[in-house]
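Please read the structure below before turning to the comments.
All of these numbers come straight from a predicted model, not from anything done at the bench. In what follows, chains carry the letters A, B, and so on, assigned in the order in which the sequence lines appear, proteins first and then strands, with residues in each chain numbered from 1.
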There are 2 protein chains.
Amino acid sequence: MPTTMTAAQRRAAAKAAYDSFLAECPSRRLLDRISDKWVTLILAALGSEAPDGERAGRSMRYSELSRRLAGVSQKMLTQTLRSLERDGLITRTVTPTVPVTVTYELTGLGLSLHHLMRGVKAWAEANMDEILANRAEYDAQPA
Amino acid sequence: MPTTMTAAQRRAAAKAAYDSFLAECPSRRLLDRISDKWVTLILAALGSEAPDGERAGRSMRYSELSRRLAGVSQKMLTQTLRSLERDGLITRTVTPTVPVTVTYELTGLGLSLHHLMRGVKAWAEANMDEILANRAEYDAQPA
DNA sequence: CTGTATCCACTGCGATACTG
DNA sequence: CAGTATCGCAGTGGATACAG
C-alpha cells in the first residue's frame with residue numbers, strides 16, 4: 001500500500017476492510033467464485049448488446065445460454081446460474097407458459113462485473129497468438 | 001481448413017479468429033487458466049506499485065510471494081508461477097547467490113492482464129458487503 | 001423447456017518428505 | 001532459499017436418468 005494515500009483513499013480502505021490476499025477474508029472466496037470460466041462466459045453472454053441495440057445487457061433463456069456456451073453441462077450451467085442469482089448478479093424470471101419459460105438477465109451489480117469480465121475474455125482472445133508463441137518458445141528451451 | 005469457404009466465412013474467421021464461446025477454441029482453455037484465484041493474486045502482487053513508486057510492477061522473490069498470498073501451498077504457487085512464465089506473463093530470474101535468489105516480474109503482456117485482474121480483485125473487495133446482503137436475502141426466501 | 005437427483009471417474013490440491 | 005517428488009483424498013464436474 002502506498003504511503004502517499006489521500007484521505008479519500010484511506011476512507012475507502014477503511015470502509016471496505018476486505019483484502020483478498022488474506023486467506024480468511026470472505027473476498028478471497030468471492031474472488032474464487034467469480035474467477036470461473038462459466039461465470040465469465042455467462043456474464044459475457046448476458047451483457048452482450050441486445051439485437052435491438054437499445055439496452056446494455058439482454059435477457060436470455062436457459063436453452064439460449066446452453067447453446068451459446070458450447071459444451072457446458074446442464075449441471076454446471078444451472079449451478080453457476082444459481083450461484084450468480086444468489087449473489088444478486090443476475091435475475092431469474094419464470095413465465096408460466098406451457099412449457100415454462102425462464103429468462104435470465106443481468107442486474108446492475110452483474111453489469112458492473114460484466115464490464116470487467118468482458119475485458120478478460122477479450123484479452124484471452126486477443127492475446128492467444130502471442131501466448132501460443134510464448135509457449136512454443138518456452139517448450140523449445142533445452143532442459 | 002476447407003478450401004470451399006465463402007468470402008463471408010473467410011472474413012468472419014479473419015476478424016475474430018478466437019472465440020471463447022466455442023468449446024474447441026484454444027482461447028477457451030486460456031480463459032480457464034487465467035480465471036484462477038492464484039493467477040489473479042499473483043498478478044495483483046507483482047503489478048502493485050513498487051516501494052519507490054517509480055515502476056509499474058515490482059520484482060518479488062518466491063518467499064515474498066508466498067508470504068503475500070496467505071495460505072497458498074508451495075505446489076500451487078510454483079505450479080501457477082511456471083504456467084505464467086510459460087505463457088510469457090512473468091519472467092523468472094535466478095541469481096546465483098548462496099543460497100540462490102529467484103525473482104519474478106511481470107512482462108508487458110503480464111502487465112496488460114494485471115490491469116484487468118486488479119479490477120476484478122478490487123471489484124470483489126468493493127462489492128463484498130452487497131453480495132453478502134444479497135445472499136442473506138436469497139437464503140431467507142421461503143422454499 | 002427447465003430443471004433436479006444420483007452416481008462416479010477424474011484430478012486438483014494439500015500435506016509431507018526430500019534436494020541442489 | 002526455492003524448489004521437486006510422491007501420496008492420498010475430497011470435491012469438481014460429466015453423464016445419465018427422471019420430473020414438474
- Query: Quick one: does B:T95's side chain have a donor or acceptor within less than 3.5 Å of a partner on B:T97's backbone?
  - Reply: no

- Item | A:V100, nearest nucleotide to its side chain (from C:dG3, C:dG20, D:dG20) | D:dG20

- Message: Would you say A:L132 ends up clustered with B:L84 if hydrophobic residues are merged whenever their side chains have heavy atoms under 4.5 Å apart, either directly or through other cluster members?
- Response: yes

- State, with a plain yes or no, whether a side-chain heavy atom of A:R118 is found less than 4.5 Å away from one of A:L43. no

- Message: Side-chain heavy atoms nearer than 4.5 Å, only ILVMFWY residues, links allowed to pass through others: does that put B:Y104 and B:V100 together?
- Response: yes

- In terms of the nearest nucleotide of DNA chain D, which residue is placed more toward the 5' end: A:M76 or A:P99? A:M76

- Query: Do B:I131 and A:L109 pass the side chain to side chain contact (heavy atoms under 4.5 Å, CB included) test, and can you show the C-alpha distance, the side-chain angles, and the key distance before you say yes or no?
  - Reply: CA-CA 9 Å; B:I131 284 177; A:L109 188 60; 3.9 Å; yes

- Within-4.5 Å side-chain heavy-atom neighbours: A:H114 and A:L106: yes

- Residues from residues 21-45 of chain A lying under 4.0 Å of DNA chain D - heavy atoms: none

- Item | A:Y138-B:D87 side chain donor-acceptor pair, cut-off 3.5 Å | no

- So, B:R28 side chain and B:F21 main chain: donor-acceptor pair closer than 3.5 Å or not? yes

- Note on the structure: Rounded to 10°, the angle between the first-five-pair and last-five-pair axes of the helix from C:dC1-D:dG20 to C:dG20-D:dC1 is 50°

- Once you round to the nearest 0.5 Å, how far does CD1 of B:I90 lie from CG of B:L111? 13.0 Å

- Query: For the pair made of NZ in B:K75 and P in C:dA17, what is the distance, rounded to whole Å?
  - Reply: 16 Å

- Query: Among residues 77-93 of chain B, which residues get a heavy atom nearer than 4.0 Å to DNA chain D?
  - Reply: B:T78, B:R82, B:R92

- Message: Using only atom types and a distance under 3.5 Å, with no angle test, would you say the side chain of B:T107 pairs donor to acceptor with the backbone of B:G110?
- Response: yes

- Please list, chain by chain and in numerical order, all residues satisfying side-chain contact (heavy atoms from CB on, under 4.5 Å) with A:T40, sequence neighbours excluded. A:M117, A:K121, B:L31, B:S35

- Nucleotide nearest B:V102 (side chain, heavy atoms from C-beta), chosen from D:dA15, C:dG3, D:dA2: D:dA2

Table please: side-chain donor-acceptor pairs of residues 62-76 of chain A below 3.5 Å, with sequence neighbours left out.
residue, atom, partner, partner atom, Å
A:Y62, OH, A:T78, OG1, 3.0
A:E64, OE1, A:R61, N, 2.9
A:S73, OG, A:M76, N, 3.2

- Would a 4.5 Å heavy-atom cut-off, applied to side chains only, mark B:L81 and B:R92 as touching? no

- Of all the nucleotides listed (C:dT4, C:dA17, C:dC13), which has the minimum atom distance to the side chain of B:Q74? C:dA17

- Nucleic acid contacts of residues 61-69 of chain A, taken as heavy-atom distances under 4.0 Å to DNA chain C: A:R61, A:Y62, A:S63

